[in-house]
There are 2 protein chains.
Amino acid sequence: MTKNKHVQIRNKHITRKRLISAVGSLLAREGFNGLGVNAVAREANVDKVLIYRYFGGLSGLISAYGKEGDFWPSALELAGGDLQTFARCSLSEKLSRLGHNFIKALKKRPVTCEIMIWEMTERNELTIELETIRENSMIEFYQMFLLTRDNEQDLQTVVTLIGAAISYLVLRSRNIDLYGGLDLSSDAGWQRLEKAIEVIIQGTIGND
Amino acid sequence: MTKNKHVQIRNKHITRKRLISAVGSLLAREGFNGLGVNAVAREANVDKVLIYRYFGGLSGLISAYGKEGDFWPSALELAGGDLQTFARCSLSEKLSRLGHNFIKALKKRPVTCEIMIWEMTERNELTIELETIRENSMIEFYQMFLLTRDNEQDLQTVVTLIGAAISYLVLRSRNIDLYGGLDLSSDAGWQRLEKAIEVIIQGTIGND
DNA sequence: TGACTTTGTCACCGAGCGGTGATATAAGCA
DNA sequence: TGCTTATATCACCGCTCGGTGACAAAGTCA
């Protein structure tokens, strides 16, 4: 173990970036439990006092991190990469793709998963900020593609419910394989789930 | 603040119970983050060394706690208090009641909610034990009331999905009011949700 | 060059943590 | 009564935590 703090370059900008990205890697590796001033400074290989100098403290650093991340899938990603093709699909096809893409998007964002769990245990700068981002993104998506007709509140709630279920199952699957007879560690299990989502969608809105 | 450790009665059984119940109240009040040897001992007003003597450590104490709790709703509770009436209902009526009762059961078990979140962040004696209890309970319930016909795998998955959604929304509602346009802090929001569940059930299995 | 600012290092604080060995004291029994 | 044992307390260890003030060294500019 070489102690290379002594050769630290002197560049505020780079140091800030190192700290911010340390938050990300630490969050991905250890979860929000391991997120402290000492740990972040260690991870960034930077003195912890700089966290106070540059960000006013850990919460400032965390919210700086929150502003730079690709935490939540964009409408584009949820639509599957091509908005126009998506817009031309039938409603049931749209919803089916939405479910599929949402599962994929969540699975490949371990930090987002970590934060979603965090949101359930406490409220702080980051979780509040992320909550706002997500809520806006969801509403925007609804308005863009799904709720063309009015008084379709039930449909919106069904979609929200499916989204909640997906969120829960993805979050659980990170530590626990089995849920209600569903094997969340296998592709087959997730296919069964997507199938069920399609059944729900078909049953709820028909072939529209 | 009186320091009443000195008048502590000398009764192993009672002391054990005090420690075990301290785990429960601490879990309910502070969540699993505040659950440490010192904190539990303080809460029980007992010296922490007794945790090691009587339970071999915190994990032993926690798993002793896990064996004594009413964490997971029984089949009876999920059925609504009367198994025979429930058994006579139509399938869709059963599922609808199941959803309603599951929401109620979860809402009134803050410690269970805490543990469910805990399960998503790490695996330890308690979470593994609780996971087993719940999984068995769910399977048992399926077999008892829902899966009379074979090859109804889709239906089981739909039910699991609804259960997952309920779990997620109840857990979130403890810290966050809004989700996908759904107001989780109001009865109206939950009624909207139950309505959506009914829509899903009707759409999936008809009036059977 | 010398003065001043910016950037990074270091040493230290009090507090809380998990964990343990020595000790006090109440209970039970001869 | 005295002896033993079960039960509970206390003092202390090493560690990490969040946080701060003093200082070193590089950069900047006159």
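Below, chains carry the letters A, B, ... as their sequence lines are ordered, and counting in each starts from 1. Quick caveat, the model's predicted, so the values are computed rather than measured.
Here C:dG8 is the nucleotide among C:dG8, D:dG19, C:dT20 with the atom lying nearest to any side-chain atom of A:L50. Comparing C:dT9, C:dT20, D:dG19 by their closest approach to the side chain of A:D47 singles out C:dT9. Residue A:R53 has its side chain nearest to C:dT7 when only C:dG19, C:dC10, C:dT7 are considered.
Tested against A:I162, the residues A:T160, A:V158, A:V159 include a single side-chain contact (heavy atoms from CB on, under 4.5 Å) partner, A:V158.
Distance A:K12 NZ to D:dA26 C1': 16 Å, rounded to the nearest Å. Whole-Å rounding puts the B:N33 CG to C:dG16 C1' distance at 15 Å. C:dT7 atom P lies 12 Å from atom CD1 of A:I14, rounded to whole Å. If you measure from atom CZ of B:F55 to atom P of C:dG19, you get 15 Å, rounded to the nearest angstrom. When the C1' atom of C:dG21 is taken as reference, atom NZ of B:K48 falls 13 Å away, rounded to whole Å. In this structure, the CD1 atom of B:I51 is 13 Å from the P atom of C:dT20, given to the nearest Å. Atoms CG (B:N11) and P (C:dT25) sit 20 Å apart, rounded to a whole Å. A:R10 has its CZ atom 12 Å from the P atom of D:dA24, to the nearest Å.
For the residue pair B:W118 / B:E114, no side-chain donor-acceptor distance below 3.5 Å is found, with atom types taken as modelled.
Using a 4.0 Å cut-off, no side-chain N or O of B:N38 falls inside it from OP1 or OP2 of C:dG16. Distances shown here put every side-chain N or O of B:Y52 at or beyond 4.0 Å from the OP1 or OP2 atom of C:dG18. At least one side-chain nitrogen or oxygen of A:R42 sits closer than 4.0 Å to the OP1 or OP2 atom of D:dC17. Checking the phosphate oxygens (OP1, OP2) of C:dT7, no side-chain nitrogen or oxygen of A:T15 falls inside 4.0 Å.
With contacts defined as side-chain heavy-atom distances shorter than 4.5 Å, the pair B:R29/B:E43 qualifies.
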(request) Could you go through the side chain to side chain contact (heavy atoms under 4.5 Å, CB included) check for B:Q153 and A:K195 one step at a time? (result) CA-CA 10 Å; B:Q153 206 189 42; A:K195 175 91 185 302; over 6 Å; no

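Summary of the strand contacts: B:L58 and A:V49 both lie near DNA chain C, and taking for each the nucleotide with the nearest heavy atom, the more 5' one is attributed to A:V49.
In this structure, A:D47 contributes its side chain and A:L50 its backbone to no donor-acceptor pair below 3.5 Å.
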